[in-house]
Amino acid sequence: MAKPEMLPETDKKLVTPGEVLGKASDFKAGKGAYLSPDKRTVYAALTGFVSLIPAPADSSDKKVTVEVIGHKAHGAVPEPGTVVIARVTKVMARMATTDIMCVSSKSVKEKFSGIIRQQDVRATEIDKVDMHASFRPGDIVKALVLSLGDARAYYLSTAKNELGVVSAESPAGAVMVPISWTEMQCPLTGQIEQRKVAKVGA
């Protein structure tokens, strides 16, 4: 077998999320690593040291498994397919940026950024989505991790009914109450604001 490209002979190379670990033709993604959507490249999913695991002697697949071992005590790490809780930090015309706080029910110990793109807000009438009517800075959202996108931020989706804003503060400082899947109301002032609301009890 040809010598795998990219990785040095020695393990313990320090990598960060989104860094290329090698070609999928040479490596299999193990813990702390993931395969690109086109199935061609293996990337690091967290900050840590590279570890190479040779294929078992009796395995028909001779690819080396590449893992990333956390360099410190790691909390939960977002992975494609997991549900996260994130705080909206900025809302723009075509996307909202977030800081991921929890993966499933476990808090994260490192800072992970998330991006909710316009096409991932809801499942229907995608072209009519108004980001500013879906999220506001400070909102707490429940979202599904789609993939590790550009700029080392995770692409998140709120397209399912049970995903979306789970907590929002009104201008009056009160926790808003969902009154439909697109609206939340301030219990103090009665003011109604638009949101992409997560279905309660889903």
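- The closest side-chain heavy-atom distance from Tyr43 to Val15 is not below 4.5 Å.
- Within 6.0 Å of CE in Met184 there are more than 12 heavy atoms belonging to other residues, nucleotides or ligands.
- Closest approach of Gly30 to Thr65, counting heavy atoms only: CA-CG2, 3.7 Å.
- Contact between Tyr154 and Ala45 at its shortest, heavy atoms only, is OH-O, 3.2 Å.
- Linking ILVMFWY residues whenever their side-chain heavy atoms come closer than 4.5 Å, directly or via other members, places Val20 and Leu35 in the same cluster.
- Using a 4.5 Å heavy-atom cutoff, the side chains of Val68 and Glu19 are not in contact.
- Taken from CD in Glu162 to CG in Leu144, the straight-line distance is 9.0 Å, to the nearest 0.5 Å.
- Applying the salt bridge (charged side-chain N to carboxylate O under 4.0 Å, His left out) test to every pair with at least one member in residues 184-195, sequence neighbours left out, gives these pairs: Arg136-Glu193, Asp139-Arg195, Glu193-Arg195.
- For Asp58, the side-chain contact (heavy atoms from CB on, under 4.5 Å) partners are Pro56, not counting sequence neighbours.
- With rounding to the nearest 0.5 Å, the separation of CZ in Arg94 from CZ in Arg117 is 12.5 Å.
- Taking both residues in full, the closest heavy atoms of Phe135 and Val91 are given as O-CG2, 3.6 Å, listed atom of the first, atom of the second, then distance.
- Taking Thr89 as the reference, Thr97 meet the side chain to side chain donor-acceptor pair (under 3.5 Å) condition, with sequence neighbours excluded.
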